[in-house]
Amino acid sequence: MKTKDRQAFNALNGKGSERADRLHRFLMESGFDFATGVPCGVLKHIIANLVGDKRVCHVPANRESEAIGLAAGAYLAGKKPLVYMQNSGLFAASNDIASLLVPYGIPALMLISYRGCEGEDAVQHLTTGHATENLIRSFNLPYEVFDGRKRDINACVSVLIGLMTERELPAILLLKRGWYV
Amino acid sequence: MKRADVIEIVATSTQCDDVIVATTGLISRELFERFDSERNVYIPGSMGLVSSVGLGIALCDTNHRVVIIDGDASLLMNLGSMVTIGSRRPKNLLHIVLDNGAYASCSEESSMSGTANFGLLAKDVGYKYTATVGDREALKRAILSFKGGPGFLSAITELGGRRDFRRPQKLKEIKRRFMRFMSRQPKGKI
Ligand SMILES: Cc1ncc(C[n+]2csc(CCOP(=O)(O)OP(=O)(O)O)c2C)c(N)n1
Ligand SMILES: [Mg+2]
C-alpha cells in the first residue's frame, strides 16, 4: 500500500461517498428498518448513514455474534434487519449464522468488509481473507463481491435481496477496500 | 429448586402474551416438551445468544414483554449482552438466569458462575430491577412483582432432573408460528 493510500484509508474525517449514499437510499426503499453490527473503517459511510437515519432502529453490538442474535430477534418481531461487520467478524459469528439464521430461515442482509485481499498491508487479515469466500460457499449462502468497479452496487444488492427472500437465508455483500470511491 | 420448577413457574406465572426465549440445551428442550407454545422461541444452537435475540425482540415490539431464560454458562459466553441491554434499557425485558453452576446439558461440568455475582453485575450495567431467588415461591413472587425493566433474576437451581426431552426440530415452523403470534397485536412504538 502506498503512503498516500494508507493516509487516506486511516483518515477519520474523509469525504462522503456518493455511492454509499445511493446504496443507503436503495436500502431504505427496500424496507430495511433495523441495523446492528460492529464497525470497520471500510464501512464507515454505511454506518454513518444508518446512524443518521431515523427510519432505522440501530442497535450497536459488542461482538458480531451478538449482532446475529439481535438481527434474528428483530426479524422475529417483524423488522427487516441489516448486519454490518468485517470479514474477521464473519468467522467469529460463523456458528451463529449456521445454527441460528440458517435453520430458522432468517433473511438478514449482511454488509461485510472484505479485508485480506490483494494489496492487504495487515497480516492478521490474510488467513481469513483467503478463506472468506470458501466459508460462505460451504455454508451455501448467496453472496456477491463488490470492489467499486464495473457493476452497480444496487444491482448486486437487488440480486441478494431476491435470493435471500426466496431461499429464506441470510445473504452477504462483500465490500472490498475502496468500494465507495 | 430444580430446572423443572423454574421452567414450570416461568411458563405459568408469566402473562399469556409474554414472549419466552429459552437458551441452548436442556432448558429449551424442557420448555419445548412440557410447555410448547406459539409465544416461545428456542435457541438450540448459537449458545449465549438467547439474551441478544430477546433484546432484539423487546426493542422492536414493545407491546410484548420478553422473558429470557438464560443458563449460567450461556450468559458467561455472551456477557457483553448484559451491557447492551443496560445501555438500551428496554422496559419490557426480564432476563432470568437459571444458575446451576454447571454445564448441566453436557455432563454437569462446573461453570465459573460461583465466583461471579450476576445480580451486582446487572445492577452495575444498568438493569433497573434485580433479585436472586432460591425457591419456587420467591421466583413466582419476583416474576409477578416485575413492573418495569430491564429486570434480572438469578434463579439458584440444583442439578439433576430429567434429561431425555425431545428437541425442537422444525425451526422454520416455530418461526412462522411465532411471527403470526406477534403480528396479531398492533406494534408498540420503539
Ligand atoms: C458454541 C457451543 N459450545 C458448546 C455447546 C455445547 N453445549 C450445549 S448446552 C451447553 C451448556 C449450557 O450450560 P448452561 O447455559 O449453564 O445451561 P445448563 O445446561 O446448565 O442448563 C453446552 C456447553 C454448544 N451448544 N455451542
Ligand atoms: Mg448451567
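In the text below, chain A, chain B and the rest are named by the order of the sequence lines, each starting its count at 1.
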query = Have B:T62 and B:N92 got a donor and an acceptor in their side chains that come within less than 3.5 Å?
reply = no
key: Residue part contacting chain B, namely of A:Y75, when any heavy atom lies under 4.5 Å   = both
message = If we define contacts as heavy-atom pairs under 4.5 Å, which of A:V59, A:I68, A:T36 has the most with chain B?
response = A:V59
query = B:E8 pairs by side chain to side chain donor-acceptor pair (under 3.5 Å) with which of B:R136, B:R3, B:K140, B:K2?
reply = B:R136
request  = Would you please say whether a donor-acceptor pair under 3.5 Å links the side chains of A:H24 and A:D53?
outcome  = yes
remark   = From the list B:S51, B:S87, B:G56, the residue making the most non-hydrogen contacts under 4.5 Å with chain A is B:G56
message = Is A:P81 in contact with chain B via its backbone, its side chain, both, or neither, using a 4.5 Å heavy-atom distance?
response = neither
ask   = Checking heavy atoms, do the side chain of B:V19, its backbone, both or neither come under 4.5 Å from chain A?
value = neither
ask   = Any chance the rings of A:F34 and A:H58 have centres within less than 6.0 Å?
value = no
request  = Report the distance from atom CZ of B:F165 to atom CD1 of B:I27, rounding to the nearest 0.5 Å.
outcome  = 11.0 Å
